[in-house]
Amino acid sequence: MLSTDKSTSVQLSQTKQPNKVAKFLNSKKVVPYVFVSPFLLSFLIFTLYPAIKGIIMSFQSVLPGQVEFIGIRNYERIFNPTFYKALGNTTVYVVLTVTILTILPILFSILLDSKLVKGKTVYRAALFMPALASTIVAGMVFRLLFGETDTAAANQIVGWFGVDPIQWKYNAWSGMFLMVILASWKWMGVNILYFLAGLQNIPNELYEAADIDGASRIQKLWYVTLPFLKPVTIFVVTISIINGFRMFEESFVFWSAGSPGNIGLTVVGYIYQQGIQQNDMGFGAAIGVILMIIIFVISLIQLFLTGAFKRGDE
Amino acid sequence: MNKQESKNKGLKVLINVSFIIVSFIALFPILSLLLSSLRPSSELMRNGISLTFDPSTLNFDNYTYIFTQAYQYWAWYGNSITISALTIVLSLFFSSMVGYALACYDFKGRNFFFVLVLFILMIPFEILMLPLYKMMISFQLINTYAAVLLPAIVAPIAVFFFRQYALGLPKELMDAARIDGSNEYGIFFKIMLPLMLPSLAAMAILQGLGSWNNFLWPLIVLRSNDMFTLPIGLATLLTPYGNNYDVLIAGSVMTIVPIIILFIFFQKYFVSGLTVGGVKG
């Protein structure tokens, strides 16, 4: 709101009597700073301050009305079996979702981009649609499709193969399966769009040249298409890893507060459990710092792989 | 030649059939939700969604109930609409100015600011969550719209997107307007911002959908049932012991149907909004 007030006051004062303040605010040197200041201010209050505060809190015992510096005691407590379980679950989830959400979208986007498919816009829209649904709503549907009874769809299907009804939410492997399939279903279409955009960047001449050289379809795929998809692939892998480590809802929707044997516990779920539910905010903040380090390292690796450190431009 | 052609034809059929199947799988959960909302909800919760069902049991009872008696649900709906609309307005207002300034003005610290935006992009919200929660407690904003909204104002991804878009705007218009006596703010609000409309639409969709489906943060700061947003409210119904399954299932449908309708009309903006990371570089 800050700058609109200023802009109207500028207009008013200019029509009446141009004064120094109005002139100052309207100079090309000052204007950009007026434009960035509301954002900068909200960044300082709602991002930078909490980030620093979070690091400080991780060295404190934070109780209502009583904050005490306790050194690295929170960090010493972190490395316990529950945290290892949360980190292990999250890592398995990341590996599985990244694999699925990279390989299948590459395959689908290459096929969609080829001349072999008719009505690709319809398929593209259909595959994209799951991204619109909230994870809570989608998860509710998945809960019903993967219900415990033999009448639920998933158990009906495994029943065709003579398998007894599965208690999807109560086994470690099937619990992981539920979270992975929910995320894969939701984000497949978005990742396909990333790869489709990447495919548009491949110059047609390269394919023509390959044709003249008598390259087969597989050779063109291997020597032209895939190398050109490398930057998009690095990008998609990175955001999938980061989003995987940030995962919370996919677990919450199946088990809310707690899963049997913590089969659905994730790192963010552990922050929520300790920091919010148990009100142990110092400890929760310490887990957050660990998560931040993991995510920063992944981001740095991505920047490194895309060569951001080599080029001097913006 | 003929052999090659028939081989190609076979491949084409195979690929098209596979895409029909894959698209069906993608749409299956949404379709089964739509269909299930017409079935008796208690039975659905007991037995799950089956592949087979008795068509004679289809009815509109869940919808009748939600439209006539589920007042709580409509409070959630109102909260979600209000919060999403305010998120869109505030985050777009703040970030479009920054993106525009970064693209169209030469000023000291511009590069620093751009790098800062890229840096903010890397900070995951989950890390700020606990300190922000503590801040909201001390501001006494717990259980208010403001608590949900304030952190959402900082939208680095939108700044990034607006900058990329504004780089492509004709700067001559700015000089022409200056000669006509327009001041710098008038140039932005009356001339440049309207030109940025497609990018505003894309970011409105990104921020709006993000807010509409946002879960973790509202879950933490919203306390009372009448302040819940749709995802939080629906999640409270998601217990094995509940008896509001009619609201849950019909309410879920009405949460996603407006989005799907918007998607059908504004597909282009959804695509550019939701794949904004892809324009990097």
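We name chains A, B, ... by the order of the sequence lines, and we start the count at 1 in each one.
Of the two parts of B/Glu184, the backbone and the side chain both hold a non-hydrogen atom closer than 4.5 Å to a non-hydrogen atom of chain A. B/Met129 touches chain A through its side chain: at least one heavy atom from C-beta onward sits under 4.5 Å away, while N, CA, C and O do not. Neither the backbone nor the side chain of B/Phe53 comes within contact range of chain A; no heavy atoms are under 4.5 Å apart. Interface remark: B/Leu51 contributes backbone and side-chain atoms alike to the contact with chain A (heavy atom separation under 4.5 Å). Only the side chain of B/Phe188 comes within contact range of chain A, judged by heavy atoms closer than 4.5 Å. Proximity to chain A involves both the backbone and the side chain of B/Leu238, based on heavy atoms less than 4.5 angstrom apart. With a threshold of 4.5 angstrom between heavy atoms, B/Met122 approaches chain A through its backbone and through its side chain. At a 4.5 Å heavy-atom cutoff, the contact between B/Arg46 and chain A is made by backbone atoms alone. Looking at B/Leu102, neither its backbone nor its side chain comes within 4.5 Å of chain A, counting heavy atoms on both sides. Looking at B/Met174, there are no atoms closer than 4.5 Å to chain A (heavy atoms on both sides), in backbone or side chain. Both the backbone and the side chain of B/Thr52 come within contact range of chain A, judged by heavy atoms closer than 4.5 Å. For chain A, the nearby parts of B/Leu128 are the backbone and the side chain; heavy atoms of each come within less than 4.5 Å.
A donor-acceptor pair under 3.5 Å links the side-chain atoms of A/Thr151 to the main chain of B/Asn47, judged by distance alone. Proximity of a side-chain donor or acceptor of A/Tyr272 to a complementary backbone N or O of B/Leu216 within less than 3.5 Å is not detected. Judged by distance alone, the side chain of B/Asn213 and the main-chain N or O of A/Ile136 form no donor-acceptor pair under 3.5 Å. Looking only at distances, no side-chain donor or acceptor of A/Ser42 sits under 3.5 Å from a matching main-chain atom of B/Val154.
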- Intermediate values then yes/no, side chain to side chain contact (heavy atoms under 4.5 Å, CB included), A/Val31 and B/Phe107: CA-CA 9 Å; A/Val31 169; B/Phe107 59 100; over 6 Å; no

- Does the pair A/Phe128 and B/Phe270 meet the rule for a ring-ring contact (aromatic ring centres under 6.0 Å, His included), with working shown? CA-CA 10 Å; A/Phe128 184 78; B/Phe270 271 84; 7.1 Å; no

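Side chains of B/Ile120 and A/Phe39 form a contact here, defined as non-hydrogen atoms less than 4.5 Å apart. By the 4.5 Å heavy-atom criterion applied to side chains, A/Lys118 and B/Phe19 are not counted as neighbours.
The number of heavy-atom neighbours closer than 6.0 Å to CZ of B/Phe28, taken from other residues, nucleotides and ligands shown, is above 12. No more than 12 heavy atoms of other residues, nucleotides or ligands lie within 6.0 Å of OH in A/Tyr49, so this atom counts as exposed by the packing criterion. Crowding of A/Lys120 atom NZ: a count of heavy atoms from other residues, nucleotides or ligands under 6.0 Å exceeding 12.
Atom OH in B/Tyr133 sits 5.5 Å away from atom CD1 in A/Ile276 (nearest 0.5 Å). For the atom pair CD1 of B/Ile259 and CG of A/Leu132, the computed distance is 7.0 Å after rounding to the nearest 0.5 Å. Taken from CG in B/Leu234 to CE in A/Met140, the straight-line distance is 7.5 Å, to the nearest 0.5 Å. With values rounded to the nearest 0.5 angstrom, B/Ile49 atom CD1 is found 10.0 Å from A/Phe142 atom CZ. Between atom CZ of residue A/Phe35 and atom CZ of residue B/Phe113 there is a gap of 13.0 Å, rounded to the nearest 0.5 Å. The CD1 atom of B/Ile264 sits 5.5 Å away from the CE atom of A/Met129 when rounded to the nearest 0.5 Å.
If you tally non-hydrogen atom pairs under 4.5 Å between each of B/Tyr105, B/Phe24, B/Phe125 and chain A, the highest count goes to B/Tyr105. Looking only at heavy-atom pairs under 4.5 Å with chain A, the residue among B/Ile256, B/Leu262, B/Leu132 that has the most is B/Leu132. No other option in A/Ser256, A/Gly147, A/Pro130 has as many heavy-atom pairs under 4.5 Å with chain B as A/Pro130. Counting heavy-atom pairs under 4.5 Å between each of A/Thr149, A/Leu48, A/Val137 and chain B puts A/Val137 at the top. Comparing B/Pro151, B/Cys104, B/Gly251, B/Pro124 by how many heavy-atom pairs each has under 4.5 Å with chain A, the most go to B/Pro124. Note: B/Leu130 leads B/Val253, B/Leu130, B/Val271 in heavy-atom pairs under 4.5 Å with chain A. For chain B, the option among A/Ala51, A/Ala125, A/Gly198 with the highest count of heavy-atom pairs below 4.5 Å is A/Ala125. Among the candidates B/Leu150, B/Ile123, B/Ile153, the residue making the largest number of heavy-atom pairs closer than 4.5 Å to chain A is B/Leu150. When each of B/Ser36, B/Ala101, B/Ser50, B/Gly48 is scored by its heavy-atom pairs under 4.5 Å with chain A, the top score falls to B/Ser50. Top candidate by heavy-atom pairs under 4.5 Å with chain B, chosen from A/Glu249, A/Met188, A/Lys53, is A/Glu249.
B/Val98 and A/Val36 get closest at one heavy-atom pair: CG1-CG1, 3.9 Å. Of all heavy-atom pairs between B/Ser23 and A/Tyr123, the closest is OG-CD2, 3.1 Å. For B/Leu44 against A/Leu144, the heavy-atom pair with the smallest separation is O-CD2, 3.8 Å.
The salt bridge (Lys or Arg N to Asp or Glu O under 4.0 Å) analysis of residues 116-135 of chain B, with sequence neighbours excluded, yields the pairs A/Arg246-B/Glu126.
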